[in-house]
There are 2 protein chains.
Amino acid sequence: MYTESVENYLKAIYKLSSRQGGGYASTKAIAEVLEVRSASVSKMLQRLEKMGMVHHRSYQGVQLTSQGRRIALRTIRRHRLLETYLYEVLGYSWEQLHSEAELLEHYISDLFEAKIDEALGFPTHDPHGDPIPSKEGKMPDIQHIALANVEVPGEVVIARVPDSSAQFLCYLKEVGLLPKVSLKVLRKEPFNGPLLVVLGDREQVIGREVAGKIWVKKKRDLIDGGRIDEENS
Amino acid sequence: MYTESVENYLKAIYKLSSRQGGGYASTKAIAEVLEVRSASVSKMLQRLEKMGMVHHRSYQGVQLTSQGRRIALRTIRRHRLLETYLYEVLGYSWEQLHSEAELLEHYISDLFEAKIDEALGFPTHDPHGDPIPSKEGKMPDIQHIALANVEVPGEVVIARVPDSSAQFLCYLKEVGLLPKVSLKVLRKEPFNGPLLVVLGDREQVIGREVAGKIWVKKKRDLIDGGRIDEENS
DNA sequence: ATCTAAAATTAGCCTTGACTAATTTTAAAT
DNA sequence: ATTTAAAATTAGTCAAGGCTAATTTTAGAT
Ligand SMILES: [Mn+2]
Ligand SMILES: [Mn+2]
Ligand SMILES: [Mn+2]
Ligand SMILES: [Mn+2]
């Protein structure tokens, strides 16, 4: 339907502008995500504007139109369904998922999407813990906190890890920091020092930077959807 | 690895030049298969020559180099493995296979190819009866005859049907002309008239043109690999 | 209010792979 | 041996999506 390039731009804009508040993505940030030059981004933004995919305020940033958001979410849905299928059905290992999905997301048909969705029993999360947007383009919004920001002592469950660096994922697999794993944070060393956590039956130190990329839920939130939390505090 | 376009050209050249003898594909024939203009083909042939994929004798035709053949066969292998997987595992219907495979064949990885091959138990033929080239690039060569050329009366088994027209496949499905089905040819009407065949428990007339596109094996060949046939005649 | 560095845009170039129109080559018919 | 029609090639154009280099805008520091 749309080109691989257009879909990748829309995905990048979606992720950057939903990252926080105002919702504008900058040219530079898009360029970094997609590993192209800023000049290429500027040009593409004009084309996307003409296509009705974005609102672009020159020198200020871009936002998706509802049309652009629809395509972005469809692509993200396909990406995450693909990752889930490759993992669950074809036996891909964790770190091989992303690159295959990154390409195939642009080339499967509506039918293929529907077939793997069905084969998986209509999953809601991919293997990295990322939510899968619905067919109608609803993305469940989630409130996770970074492991690095958990107050100590705290008991948490891993909800989500980044999907795009195979090396990082290999490390996480090695130490057992996978989605759905619970752990206790015993101590955080000051001056951005490492965290000391209990993982299963052993202790483990985790660098602050790594801990900033792992998203967790508090144990209590899990049991009661976060309501008790509010009443108690 | 190579672009979709390059792989489609190589596939087209492979099929056209293996169709018969000498093994040269003409510019016009390639243009017709790929539904592009001859001028576009001429230009691409020069690029393929530079890439070492073809030998092009100007105004005479092209042949694949061993390099070109390797890529063509890899693409055909992926196409047919994909069709088999979509059919056997994902429950695609017959006529939906080809268009999905035609695109995905260019975008799956070596790993994806290996995984679906394994999941299918290393199949040798796709749902249309076409042989799947081996990973090493060996294509089993097959000697089928067109149903239209069977001598009457003759008993045959359908080996292979064309894969690329969904409408044609729907018709074949409707009348039950599927690979592995046996039938008897009772009569061929003269002047390129229709064939009268027995299909299961009923008689069926088949136009000569349709019968020219269905490839069959003689019943005896099937049982004894064709040897008895030679001894008897 | 001015200066400056970072960010963004513009201008101009390249490759891929289409297209049309014009030209050249080939091969078959006279 | 010419003529001619089909096939093939060449020349020139276009859009997509990259790039570098040059220019413009913005926002923060003085
Ligand atoms: Mn991913
Ligand atoms: Mn992608
Ligand atoms: Mn096919
Ligand atoms: Mn194809």
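Note on naming: letters A, B, ... go to the chains in the order of the sequence lines (proteins, then strands), and numbering restarts at 1 for each one.
One interatomic measurement links the two molecules: NZ of Lys43(B) to P of dA18(C), which rounds to 10 Å at whole-angstrom precision. Atom-to-atom, NE2 of His106(A) to C1' of dA16(D) comes out at 15 Å; the value is rounded to the nearest Å. Following rounding to the nearest Å, Glu49(B) (CD) and dA8(D) (C1') show an atom-to-atom distance of 15 Å. With rounding to whole Å, Tyr24(A) atom OH is found 17 Å from dA7(C) atom C1'. Distance CG (Asn8(A)) to C1' (dG18(D)): 14 Å, rounded to an integer number of Å. Residue Arg57(B) contributes atom CZ, which lies 14 Å from atom C1' of dA8(D) at whole-angstrom precision. For the pair Ile13(B) CD1 and dA8(D) P, the interatomic distance rounds to 13 Å; values are reported in whole Å. For the pair Leu34(A) CG and dA16(D) P, the computed distance is 18 Å after rounding to whole Å.
Side-chain contact between Glu105(B) and Lys11(B) is present, with heavy atoms from C-beta onward closer than 4.5 Å. Residues Lys217(B) and Ile142(B) are not in side-chain contact: their nearest non-hydrogen atoms beyond the backbone lie 4.5 Å or more apart.
Each of dT10(C), dA8(D), dT20(D) was ranked by its minimum atom distance to the side chain of Ser42(A); first place goes to dT10(C). Of the candidate nucleotides dA8(D), dC19(D), dC19(C), dC19(C) has the atom nearest to the side chain of Val36(B). Of the candidate nucleotides dA27(C), dA21(C), dT10(C), dA21(C) has the atom lying nearest to any side-chain atom of Ala39(B). For Lys28(B), whose side chain is taken as the heavy atoms from C-beta onward, the closest listed nucleotide among dA8(D), dA7(C), dA18(C) is dA8(D). Distances were taken from every side-chain heavy atom of Gln60(A) (C-beta onward) to each of dA8(C), dG18(D), dA27(D); the shortest belongs to dA27(D). The Ser58(B) side chain lies nearest to dT9(D) when the options are dT9(D), dT10(C), dG17(C).
A close approach under 4.0 Å does occur between a side-chain nitrogen or oxygen of Arg37(B) and OP1 or OP2 of dT20(C). For Tyr9(B), a side-chain nitrogen or oxygen approaches OP1 or OP2 of dA18(C) to under 4.0 Å. At dA8(D), none of the side-chain N or O atoms of His56(B) fall inside 4.0 Å of OP1 or OP2 (strictly under the cut-off).
Contacts of Ala146(A) classified as side chain to side chain contact (heavy atoms under 4.5 Å, CB included), with partners at least two apart in sequence or in another chain: Asn149(A), Trp215(A).
Comparing Tyr59(A) and Glu35(A) along DNA chain D, the residue whose closest nucleotide (by nearest heavy atom) sits nearer the 5' end is Glu35(A).
Residue Thr27(B) is classed as a sugar-phosphate contact, given heavy-atom separations below 4.0 Å to backbone atoms only. Contact annotation for Tyr2(A): no contact, since no heavy-atom pair falls under 4.0 Å across all strands. As judged by a 4.0 angstrom heavy-atom cut-off over every strand, Ser5(A) is placed among residues touching the sugar-phosphate backbone only.
In this structure, the ring of His98(B) has its center less than 6.0 angstrom from the ring center of His79(B). In this structure, Tyr107(A) has its ring center under 6.0 Å from that of Tyr107(B).
Remark: side-chain polar atoms of Ser40(A) are not paired, donor with acceptor, to backbone N or O of Val36(A) under 3.5 angstrom.
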